[in-house]
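Structure record follows, encoded as C-alpha cells.
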Amino acid sequence: MKTNNQNFWLLYLLLALAQLIITNYCTFTPYLSVSLLPALTMCIPTGISTIPGMLIAGVTGLCIDLLSEGLIGLNMAAILPVAFMRRGMIGLFLGKDLIIRGDQFSISKNGAGKVLLLMFIAASIYLSIYIFLDGAGARDTWFNLQRYLYSIVPDMLLCLLITNILNKEDRR
C-alpha cells in the first residue's frame, strides 16, 4: 500500500511539472487554456479529507503560479473551489462508497461516461473561474466564452488521460 501511495505522489509531482512546461512553453493561441490541475485535484486520494485536499491543490496551484509567467494566485484561486467540491462530486457521480472505503476511482471500475462527466464538471468550474479572473476587466465576454468553449474539450480529454495515469487500479 505504501508503494502505491509513493507512486501516486511521484506521478502527481511529475504531472505538476508537466503543467509547468505546458504553461510556460505551450501557448498556442490566446483562445486555448490547457490545464492538468482539475484532474490532479480530483485524483487526490479519497482518504484525504477536504481541508488537506484543498491545501495540496492550493499549494500545487500556487507553485505553478510562482514558477510560470502567469498572475500570482490565478491557478490557486481557480483550483480551490474544485478541491472544496472534490469529495462531494466523487460521492455524487461515482458513489459515496468510494469515499467511505477510501478507494480510488478509475475508468475501468467506474466507467468512462461517469468519469468523463466528473472531469467535465471539475474542468468547467476551474476554467470558468480561471478565464473570468484572467480576463476580468480586460477582455470582453465573447472572447472569454470562446476561450472557455475552445478549452473545455482538450481539458476534458487531458483529464481522462491523467485519471488513467494516476488512478490505475492494477498499479503495484
Side-chain angles (χ1 to χ4, degrees), residues 7-90 93 104-105 115-167:
N7 288 343
F8 174 84
W9 292 111
L10 180 63
L11 285 172
Y12 184 92
L13 180 63
L14 290 173
L15 289 168
L17 290 172
Q19 176 63 48
L20 274 172
I21 292 168
I22 289 169
T23 303
N24 283 324
Y25 301 111
C26 298
T27 305
F28 304 110
T29 174
Y31 289 104
L32 184 63
S33 297
V34 178
S35 182
L36 309 176
L37 285 175
L40 290 175
T41 302
M42 294 305 292
C43 290
I44 292 173
T46 56
I48 295 175
S49 63
T50 301
I51 300 300
M54 288 177 70
L55 285 171
I56 293 167
V59 167
T60 304
L62 185 61
C63 288
I64 289 171
D65 286 334
L66 291 172
L67 298 172
S68 67
E69 54 190 54
L71 296 170
I72 304 293
L74 185 62
N75 281 302
M76 185 177 72
I79 203 62
L80 282 176
V82 176
F84 178 70
M85 293 186 276
R86 173 181 64 96
R87 288 171 57 103
M89 288 191 299
I90 290 171
F93 293 111
Q104 288 301 100
F105 63 90
V115 174
L116 184 66
L117 181 61
L118 178 69
M119 292 302 163
F120 172 75
I121 300 295
S124 292
I125 293 168
Y126 174 83
L127 281 173
S128 298
I129 295 168
Y130 183 90
I131 291 170
F132 175 76
L133 292 176
D134 190 36
R139 302 211 169 137
D140 63 358
T141 304
W142 294 114
F143 178 85
N144 289 339
L145 182 61
Q146 285 178 326
R147 187 173 175 192
Y148 171 81
L149 292 174
Y150 293 151
S151 299
I152 191 67
V153 172
D155 275 11
M156 279 184 355
L157 295 176
L158 279 173
C159 284
L160 277 180
L161 177 67
I162 299 306
T163 301
N164 199 30
I165 292 170
L166 284 176
N167 288 352

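On a predicted model such as this, the values are computed, not experimentally measured, just so you know. Along the sequence shown, residues carry numbers from 1.
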Show every ring pair (Phe, Tyr, Trp, His ring centres under 6.0 Å) that has at least one partner inside residues 54-87, sequence neighbours left out. none
For residues 13-22, which residue pairs qualify under side-chain hydrogen bond (donor to acceptor under 3.5 Å, both in side chains), counting only residues two or more places apart or in two chains? Q19-T23
Side chain to side chain contact (heavy atoms under 4.5 Å, CB included) against L13, all qualifying residues, sequence neighbours excluded: none
Give the minimum heavy-atom separation between L11 and I165, together with the two atoms involved. CD1-O, 3.9 Å
Closest non-hydrogen atoms of P154 and L32, given as atom of the first, atom of the second and distance, are CG-CD1, 3.9 Å
Rounding to 0.5 Å, atoms CG (L14) and CH2 (W9) come to a distance of 13.5 Å
Taking the side chain as every heavy atom from C-beta outward, state whether I72 and L66 have any atom pair closer than 4.5 Å. yes
Gap separating the CZ atom of F120 from the CG atom of D155, nearest 0.5 angstrom: 11.5 Å
According to side-chain hydrogen bond (donor to acceptor under 3.5 Å, both in side chains), who are the partners of N144, at least two apart in sequence or on a separate chain? none
Spatial distance of atom SG (C159) from atom CD1 (I152) [nearest 0.5 Å]: 8.0 Å
In this structure, CZ of F93 is separated from CG of L117 (nearest 0.5 Å) by 4.5 Å
Residues passing the side chain to side chain contact (heavy atoms under 4.5 Å, CB included) test with T141, sequence neighbours excluded, are none
Under the side-chain hydrogen bond (donor to acceptor under 3.5 Å, both in side chains) test, residues paired with T41 that sit two or more places apart: none
Please test N75 against L62 for side chain to side chain contact (heavy atoms under 4.5 Å, CB included), starting from the C-alpha separation and ending with a verdict. CA-CA 7 Å; N75 281 302; L62 185 61; over 6 Å; no
In Å and rounded to the nearest 0.5 Å, what is the SG to CG distance from C26 to L20? 11.5 Å
Nearest 0.5 Å please: distance from the CD1 atom of I79 over to the CG atom of L37. 5.0 Å
What is the ring orientation for Y150 with Y31, classed by angle as parallel under 30°, tilted 30 to 60°, or perpendicular over 60°? perpendicular
Could you give the side-chain donor-acceptor pairs of residues 128-137 under 3.5 Å, partners two or more places apart or in another chain?
unit_1, atom_1, unit_2, atom_2, d
S128, OG, S124, O, 2.7
D134, OD2, R147, NH1, 2.7
D134, OD2, R147, NH2, 3.0

Compare all side-chain heavy atoms of L127 with those of S33 and state whether any distance is below 4.5 angstrom. yes
Validation: residues 48-60 side-chain donor-acceptor distances under 3.5 Å, sequence neighbours left out:
unit_1, atom_1, unit_2, atom_2, d
T60, OG1, Y12, OH, 2.9
T60, OG1, I56, O, 2.8

Taking only residues two or more places apart in sequence, or in another chain, which ones meet A122 in a side chain to side chain contact (heavy atoms under 4.5 Å, CB included)? P38, M42, V82, M89
I21: which residues meet the side chain to side chain contact (heavy atoms under 4.5 Å, CB included) condition with it, sequence neighbours left out? Y25
State, to 0.1 Å, how close T46 and R86 come at their nearest heavy-atom pair, and which atoms those are. CA-NH1, 4.0 Å
